[in-house]
Amino acid sequence: MFAAERRQLILEMVRANGAVSLRELARVVQTSEVTVRRDVRALEAEGLLDRRHGGAVLPGGFTRESGFPQKSHLATAEKTAIADLAAGLVEEGEAIVVGAGTTTQELARRLARVPGLTVVTNSLLVAQALAHANRVEVVMTGGTLRGSNYALVGSGAEQSLQGLRVSRAFLSGSGLTAERGLSTSNMLSASVDRALVQAAAEVVVLADHTKLGTDTMFQTVPTDVITRLVTDEPPPHDDRAATELQALADQGVQIAVAGTGASGNGSVGGDAAPARQQRRDVPLPGPRRGQVPGGPTLRTAAVLGDQTPGTDRARVADLRRR
(Lines give C-alpha, C1' and ligand atoms only; values in the text may rest on other atoms or scores of the structure.)
Protein backbone atom coordinates (compact mmCIF):
# COMPACT_ATOMS: atom_id res chain seq x y z
CA MET A 1 0.00 0.00 0.00
CA PHE A 2 1.38 3.42 -0.97
CA ALA A 3 1.78 6.13 1.67
CA ALA A 4 -1.10 8.17 0.22
CA GLU A 5 -3.41 5.14 0.38
CA ARG A 6 -2.37 4.34 3.95
CA ARG A 7 -2.97 7.89 5.10
CA GLN A 8 -6.37 8.05 3.44
CA LEU A 9 -7.40 4.82 5.18
CA ILE A 10 -6.06 6.10 8.52
CA LEU A 11 -8.02 9.31 8.10
CA GLU A 12 -11.21 7.39 7.28
CA MET A 13 -10.81 5.21 10.37
CA VAL A 14 -10.31 8.21 12.64
CA ARG A 15 -13.30 10.02 11.13
CA ALA A 16 -15.48 6.93 11.57
CA ASN A 17 -14.43 6.17 15.16
CA GLY A 18 -13.39 9.50 16.63
CA ALA A 19 -10.20 7.94 18.05
CA VAL A 20 -8.09 4.96 17.01
CA SER A 21 -4.99 3.43 18.60
CA LEU A 22 -1.73 3.09 16.66
CA ARG A 23 -1.87 -0.64 17.28
CA GLU A 24 -5.24 -0.91 15.57
CA LEU A 25 -4.19 1.35 12.69
CA ALA A 26 -1.07 -0.73 12.10
CA ARG A 27 -3.14 -3.91 12.08
CA VAL A 28 -5.65 -2.59 9.56
CA VAL A 29 -3.14 -1.04 7.14
CA GLN A 30 -0.80 -4.01 7.66
CA THR A 31 2.36 -2.12 8.47
CA SER A 32 4.50 -1.30 11.51
CA GLU A 33 3.53 1.12 14.26
CA VAL A 34 6.62 3.16 13.39
CA THR A 35 5.30 3.71 9.86
CA VAL A 36 1.81 4.50 11.13
CA ARG A 37 3.21 6.99 13.63
CA ARG A 38 4.98 8.76 10.76
CA ASP A 39 1.73 8.83 8.75
CA VAL A 40 -0.21 10.21 11.71
CA ARG A 41 2.42 12.92 12.21
CA ALA A 42 2.08 13.93 8.56
CA LEU A 43 -1.72 14.06 8.77
CA GLU A 44 -1.50 16.15 11.93
CA ALA A 45 0.76 18.63 10.13
CA GLU A 46 -2.02 19.06 7.57
CA GLY A 47 -4.55 19.71 10.34
CA LEU A 48 -6.57 16.59 9.49
CA LEU A 49 -6.25 14.89 12.89
CA ASP A 50 -4.63 15.26 16.31
CA ARG A 51 -2.07 12.89 17.79
CA ARG A 52 -2.59 11.40 21.23
CA HIS A 53 -0.55 8.88 23.20
CA GLY A 54 -0.60 5.67 21.22
CA GLY A 55 -3.27 6.89 18.81
CA ALA A 56 -4.99 9.59 16.79
CA VAL A 57 -8.22 11.56 17.27
CA LEU A 58 -10.27 14.04 15.30
CA PRO A 59 -9.12 17.67 15.45
CA GLY A 60 -10.35 19.28 18.65
CA GLY A 61 -10.34 15.91 20.41
CA PHE A 62 -9.49 17.65 23.70
CA THR A 63 -13.17 18.54 24.09
CA ARG A 64 -14.81 15.86 21.98
CA GLU A 65 -16.02 12.61 23.51
CA SER A 66 -16.59 9.51 21.40
CA GLY A 67 -19.84 7.63 21.88
CA PHE A 68 -20.17 4.04 23.04
CA PRO A 69 -20.22 2.47 19.52
CA GLN A 70 -16.86 4.07 18.74
CA LYS A 71 -15.26 3.33 22.11
CA SER A 72 -16.36 -0.29 22.11
CA HIS A 73 -14.14 -1.00 19.09
CA LEU A 74 -11.00 0.67 20.45
CA ALA A 75 -8.20 -1.27 22.18
CA THR A 76 -10.45 -4.29 22.75
CA ALA A 77 -7.61 -6.71 23.50
CA GLU A 78 -6.11 -4.28 25.97
CA LYS A 79 -9.44 -3.73 27.76
CA THR A 80 -9.97 -7.48 28.02
CA ALA A 81 -6.54 -7.99 29.60
CA ILE A 82 -7.06 -5.08 32.00
CA ALA A 83 -10.48 -6.40 33.05
CA ASP A 84 -9.07 -9.90 33.67
CA LEU A 85 -6.37 -8.51 35.94
CA ALA A 86 -8.62 -6.04 37.77
CA ALA A 87 -11.15 -8.77 38.57
CA GLY A 88 -8.46 -10.47 40.65
CA LEU A 89 -8.56 -7.52 43.06
CA VAL A 90 -12.17 -8.20 44.05
CA GLU A 91 -12.86 -10.58 46.92
CA GLU A 92 -15.92 -12.60 47.82
CA GLY A 93 -18.50 -10.63 49.79
CA GLU A 94 -17.11 -7.17 48.97
CA ALA A 95 -19.16 -4.06 48.30
CA ILE A 96 -17.74 -1.93 45.46
CA VAL A 97 -18.73 0.83 43.07
CA VAL A 98 -18.13 0.54 39.32
CA GLY A 99 -18.31 3.57 37.05
CA ALA A 100 -19.39 3.83 33.43
CA GLY A 101 -17.17 2.90 30.50
CA THR A 102 -16.34 0.13 28.06
CA THR A 103 -13.43 -1.13 30.21
CA THR A 104 -15.57 -1.24 33.36
CA GLN A 105 -18.22 -3.10 31.35
CA GLU A 106 -15.60 -5.77 30.61
CA LEU A 107 -14.75 -5.88 34.31
CA ALA A 108 -18.42 -6.37 35.21
CA ARG A 109 -18.64 -9.43 32.96
CA ARG A 110 -15.92 -11.06 35.04
CA LEU A 111 -17.38 -9.96 38.37
CA ALA A 112 -20.48 -12.04 37.66
CA ARG A 113 -18.50 -15.02 38.98
CA VAL A 114 -17.65 -13.46 42.37
CA PRO A 115 -20.09 -14.74 45.03
CA GLY A 116 -21.64 -12.45 47.61
CA LEU A 117 -20.61 -9.31 45.76
CA THR A 118 -22.55 -6.03 45.96
CA VAL A 119 -21.98 -3.65 43.03
CA VAL A 120 -23.20 -0.05 43.06
CA THR A 121 -23.15 1.52 39.60
CA ASN A 122 -24.53 4.33 37.48
CA SER A 123 -23.89 2.35 34.28
CA LEU A 124 -26.68 0.48 32.51
CA LEU A 125 -24.04 -1.59 30.70
CA VAL A 126 -22.44 -2.69 33.98
CA ALA A 127 -25.84 -3.54 35.42
CA GLN A 128 -26.76 -5.50 32.29
CA ALA A 129 -23.53 -7.51 32.48
CA LEU A 130 -24.42 -8.51 36.07
CA ALA A 131 -28.17 -8.90 35.60
CA HIS A 132 -28.12 -12.71 35.51
CA ALA A 133 -25.42 -13.26 38.13
CA ASN A 134 -27.12 -15.34 40.82
CA ARG A 135 -24.96 -14.30 43.77
CA VAL A 136 -24.27 -10.66 42.90
CA GLU A 137 -26.48 -7.83 44.12
CA VAL A 138 -26.64 -4.80 41.84
CA VAL A 139 -27.61 -1.36 43.18
CA MET A 140 -28.35 1.32 40.58
CA THR A 141 -28.07 5.02 41.24
CA GLY A 142 -30.85 7.37 40.25
CA GLY A 143 -30.33 10.13 37.74
CA THR A 144 -30.87 11.13 34.13
CA LEU A 145 -29.86 8.75 31.35
CA ARG A 146 -26.98 9.94 29.20
CA GLY A 147 -27.46 8.00 26.00
CA SER A 148 -23.96 8.34 24.56
CA ASN A 149 -22.47 6.07 27.24
CA TYR A 150 -25.61 4.52 28.81
CA ALA A 151 -24.88 6.12 32.20
CA LEU A 152 -27.06 7.82 34.80
CA VAL A 153 -25.85 11.34 35.59
CA GLY A 154 -27.05 14.53 37.24
CA SER A 155 -28.11 15.49 40.74
CA GLY A 156 -30.27 12.40 41.15
CA ALA A 157 -27.26 10.12 40.64
CA GLU A 158 -25.06 12.17 42.96
CA GLN A 159 -27.65 12.37 45.75
CA SER A 160 -28.24 8.62 45.69
CA LEU A 161 -24.55 8.12 46.52
CA GLN A 162 -24.56 10.31 49.63
CA GLY A 163 -23.85 8.36 52.80
CA LEU A 164 -22.59 5.32 50.85
CA ARG A 165 -19.35 3.59 51.89
CA VAL A 166 -17.70 0.71 50.01
CA SER A 167 -14.24 -0.84 49.88
CA ARG A 168 -13.24 0.10 46.33
CA ALA A 169 -14.23 2.19 43.34
CA PHE A 170 -13.34 1.01 39.83
CA LEU A 171 -13.32 3.89 37.36
CA SER A 172 -12.29 4.62 33.81
CA GLY A 173 -12.06 7.91 31.94
CA SER A 174 -10.89 9.71 28.81
CA GLY A 175 -7.36 10.52 29.94
CA LEU A 176 -4.82 10.01 32.72
CA THR A 177 -1.77 12.09 33.60
CA ALA A 178 0.49 12.22 36.64
CA GLU A 179 -0.11 15.96 36.87
CA ARG A 180 -3.93 16.00 36.92
CA GLY A 181 -4.97 12.39 37.45
CA LEU A 182 -8.02 10.93 35.74
CA SER A 183 -10.16 13.19 33.56
CA THR A 184 -13.12 13.04 31.21
CA SER A 185 -14.62 15.20 28.46
CA ASN A 186 -18.10 15.55 29.95
CA MET A 187 -18.97 17.69 32.97
CA LEU A 188 -21.95 15.59 34.13
CA SER A 189 -19.98 12.35 33.95
CA ALA A 190 -17.10 13.92 35.86
CA SER A 191 -19.40 15.06 38.65
CA VAL A 192 -20.87 11.58 39.16
CA ASP A 193 -17.44 9.96 39.05
CA ARG A 194 -16.31 12.30 41.84
CA ALA A 195 -19.31 11.20 43.90
CA LEU A 196 -18.38 7.54 43.29
CA VAL A 197 -14.84 8.25 44.51
CA GLN A 198 -16.14 9.85 47.71
CA ALA A 199 -17.94 6.59 48.53
CA ALA A 200 -14.84 4.38 48.33
CA ALA A 201 -11.92 3.66 50.65
CA GLU A 202 -9.67 2.88 47.67
CA VAL A 203 -9.76 4.01 44.04
CA VAL A 204 -8.69 1.73 41.18
CA VAL A 205 -8.36 3.31 37.74
CA LEU A 206 -8.67 1.13 34.63
CA ALA A 207 -6.97 2.79 31.66
CA ASP A 208 -5.32 1.34 28.56
CA HIS A 209 -2.05 2.81 27.30
CA THR A 210 -3.76 5.10 24.75
CA LYS A 211 -5.13 7.18 27.65
CA LEU A 212 -1.77 7.67 29.38
CA GLY A 213 -0.62 11.25 29.04
CA THR A 214 -3.95 12.40 27.61
CA ASP A 215 -5.53 15.33 29.44
CA THR A 216 -9.21 16.20 28.96
CA MET A 217 -11.45 18.96 30.25
CA PHE A 218 -12.83 17.81 33.59
CA GLN A 219 -10.77 16.26 36.36
CA THR A 220 -12.47 13.35 38.11
CA VAL A 221 -9.80 11.79 40.35
CA PRO A 222 -6.65 13.69 41.42
CA THR A 223 -3.47 11.62 41.30
CA ASP A 224 -3.05 11.60 45.09
CA VAL A 225 -6.44 9.92 45.48
CA ILE A 226 -5.70 7.06 43.03
CA THR A 227 -4.67 3.92 44.90
CA ARG A 228 -3.92 1.72 41.90
CA LEU A 229 -3.76 1.86 38.11
CA VAL A 230 -4.46 -1.25 36.06
CA THR A 231 -3.21 -0.78 32.51
CA ASP A 232 -1.66 -2.70 29.60
CA GLU A 233 1.91 -2.82 28.34
CA PRO A 234 2.73 0.28 26.27
CA PRO A 235 4.18 -0.35 22.78
CA PRO A 236 8.00 -0.55 22.76
CA HIS A 237 8.45 2.88 21.16
CA ASP A 238 5.85 4.70 23.24
CA ASP A 239 8.35 6.47 25.48
CA ARG A 240 5.81 9.04 26.61
CA ALA A 241 3.45 6.39 28.02
CA ALA A 242 6.31 4.69 29.88
CA THR A 243 7.42 8.04 31.27
CA GLU A 244 3.89 8.77 32.43
CA LEU A 245 3.71 5.40 34.20
CA GLN A 246 6.92 6.14 36.04
CA ALA A 247 5.67 9.60 37.01
CA LEU A 248 2.48 8.06 38.41
CA ALA A 249 4.53 5.51 40.36
CA ASP A 250 6.72 8.29 41.75
CA GLN A 251 3.57 9.93 43.12
CA GLY A 252 2.59 6.76 44.99
CA VAL A 253 0.21 5.05 42.56
CA GLN A 254 0.56 1.27 42.54
CA ILE A 255 0.71 0.10 38.93
CA ALA A 256 -0.34 -3.31 37.63
CA VAL A 257 0.45 -3.99 33.97
CA ALA A 258 -1.44 -6.70 32.09
CA GLY A 259 -0.11 -8.39 28.96
CA THR A 260 -2.60 -8.85 26.13
CA GLY A 261 -1.31 -12.41 25.55
CA ALA A 262 -3.73 -14.60 23.66
CA SER A 263 -6.35 -11.89 23.47
CA GLY A 264 -4.53 -10.07 20.70
CA ASN A 265 -7.37 -10.82 18.26
CA GLY A 266 -9.50 -8.34 20.18
CA SER A 267 -12.41 -10.72 20.73
CA VAL A 268 -14.55 -9.92 23.76
CA GLY A 269 -17.12 -12.14 25.45
CA GLY A 270 -18.47 -12.61 28.91
CA ASP A 271 -17.70 -16.33 28.93
CA ALA A 272 -14.40 -16.16 27.10
CA ALA A 273 -11.40 -17.78 28.76
CA PRO A 274 -9.18 -15.24 30.52
CA ALA A 275 -6.15 -14.12 28.55
CA ARG A 276 -2.73 -15.26 29.70
CA GLN A 277 -1.50 -12.39 31.83
CA GLN A 278 1.58 -11.00 33.39
CA ARG A 279 1.60 -8.31 36.05
CA ARG A 280 4.15 -6.04 37.54
CA ASP A 281 3.53 -3.81 40.54
CA VAL A 282 5.63 -0.68 40.90
CA PRO A 283 6.17 -0.40 44.69
CA LEU A 284 5.07 2.64 46.62
CA PRO A 285 7.99 5.08 47.06
CA GLY A 286 6.56 6.46 50.32
CA PRO A 287 3.46 6.57 52.55
CA ARG A 288 0.19 7.31 50.80
CA ARG A 289 -2.42 9.65 52.18
CA GLY A 290 -3.93 7.99 55.25
CA GLN A 291 -1.22 5.30 55.43
CA VAL A 292 0.86 4.96 58.60
CA PRO A 293 4.62 5.21 57.88
CA GLY A 294 6.19 1.81 58.27
CA GLY A 295 2.82 0.12 58.10
CA PRO A 296 1.75 -2.55 55.63
CA THR A 297 1.55 -1.67 51.96
CA LEU A 298 -1.68 -1.99 50.05
CA ARG A 299 -2.73 -5.47 49.02
CA THR A 300 -1.47 -6.55 45.62
CA ALA A 301 -3.53 -8.43 43.08
CA ALA A 302 -3.05 -12.17 42.66
CA VAL A 303 -0.71 -12.94 39.77
CA LEU A 304 -2.59 -14.34 36.79
CA GLY A 305 -0.49 -16.70 34.72
CA ASP A 306 3.01 -18.05 35.21
CA GLN A 307 5.92 -15.75 35.88
CA THR A 308 9.61 -16.44 36.03
CA PRO A 309 11.26 -15.34 39.32
CA GLY A 310 12.84 -11.93 38.93
CA THR A 311 10.68 -11.01 35.92
CA ASP A 312 8.85 -8.20 37.73
CA ARG A 313 12.08 -6.58 38.93
CA ALA A 314 13.60 -6.68 35.44
CA ARG A 315 10.46 -5.24 33.83
CA VAL A 316 10.29 -2.38 36.32
CA ALA A 317 13.94 -1.61 35.67
CA ASP A 318 13.20 -1.61 31.95
CA LEU A 319 10.30 0.79 32.52
CA ARG A 320 12.54 3.20 34.41
CA ARG A 321 15.23 3.07 31.71
CA ARG A 322 12.63 4.19 29.19
**Student:** Could you pull out all residues at least two apart from R37 that satisfy side chain to side chain donor-acceptor pair (under 3.5 Å)?
**Tutor:** none
**Student:** Using atom types as modelled and distance alone, determine if a side-chain donor or acceptor of S189 lies under 3.5 Å from a backbone N or O of N186.
**Tutor:** no
**Student:** Is V139 reachable from L161 through a run of I, L, V, M, F, W or Y residues, each pair having side-chain heavy atoms under 4.5 Å apart?
**Tutor:** yes
**Student:** Do H209 and E78 come within less than 4.5 Å of each other through their side chains, counting heavy atoms only?
**Tutor:** yes
**Student:** What's the separation between atom CG in D232 and atom NZ in K211, rounded to the nearest 0.5 Å?
**Tutor:** 10.5 Å
**Student:** Taking only residues two or more places apart in sequence or in another chain, which ones pass side chain to side chain donor-acceptor pair (under 3.5 Å) with E33?
**Tutor:** none
**Student:** Taking K79 first and then D208, would you say they form a salt bridge - that is, a charged N and a carboxylate O separated by under 4.0 Å?
**Tutor:** no
**Student:** Would you list the atom pairs, donor with acceptor, under 3.5 Å between side chains in residues 121-134 and any protein atom, with sequence neighbours excluded?
**Tutor:**
from : atom 1 : to   : atom 2 : distance (Å)
T121 : OG1    : V98  : O      : 2.7
T121 : OG1    : S123 : N      : 3.0
N122 : ND2    : L152 : O      : 3.0
S123 : OG     : L125 : N      : 3.2
S123 : OG     : V126 : N      : 3.1

**Student:** Would you check if L171 and T220 make a side-chain contact, meaning some heavy-atom pair closer than 4.5 Å?
**Tutor:** no
**Student:** Compare all side-chain heavy atoms of V253 with those of D224 and state whether any distance is below 4.5 angstrom.
**Tutor:** no
**Student:** Taking only residues two or more places apart in sequence or in another chain, which ones pass side chain to side chain donor-acceptor pair (under 3.5 Å) with R194?
**Tutor:** none
**Student:** Would E106 and R109 pass as an ion pair if we require N to O under 4.0 Å?
**Tutor:** yes
**Student:** Which atoms form the tightest heavy-atom contact between F218 and A190, and what is the distance?
**Tutor:** CB-CB, 3.6 Å
**Student:** Would you say the side chain of T104 lies within less than 4.5 Å of the side chain of L206, judging by non-hydrogen atoms?
**Tutor:** yes
**Student:** Whether the side chain of T210 engages the backbone of G55 through a donor-acceptor N/O pair (distance < 3.5 Å, no angle test) should be reported.
**Tutor:** no
**Student:** Can you confirm whether the side chains of T216 and S174 place a donor and an acceptor under 3.5 Å from each other?
**Tutor:** no
**Student:** I'd like to know if R168 pairs up with E94 as an ion pair, taking the criterion as any Lys NZ or Arg NE/NH1/NH2 lying under 4.0 Å from an Asp or Glu carboxylate oxygen.
**Tutor:** yes
**Student:** Give me the atom names and distance for the closest heavy-atom approach of A87 to R110.
**Tutor:** CB-CB, 3.9 Å
**Student:** Starting from the C-alpha separation in whole Å, work towards a yes-or-no answer on side-chain hydrogen bond (donor to acceptor under 3.5 Å, both in side chains) for E202 and S167.
**Tutor:** CA-CA 6 Å; E202 295 182 5; S167 58; over 6 Å; no
**Student:** Okay, side chain of T227, backbone of V204: is any donor-acceptor separation there less than 3.5 Å?
**Tutor:** no
**Student:** Do Q219 and L182 have side chains that get closer than 4.5 Å, going by heavy atoms?
**Tutor:** no
**Student:** If the condition is side-chain contact (heavy atoms from CB on, under 4.5 Å), which residues does Q159 pass it with, not counting sequence neighbours?
**Tutor:** S155, Q162
**Student:** Any side-chain heavy atom of L212 sitting closer than 4.5 Å to one from L229?
**Tutor:** yes
**Student:** Of all residues at least two apart in sequence or in a different chain, which pass the side chain to side chain donor-acceptor pair (under 3.5 Å) check with T144?
**Tutor:** none
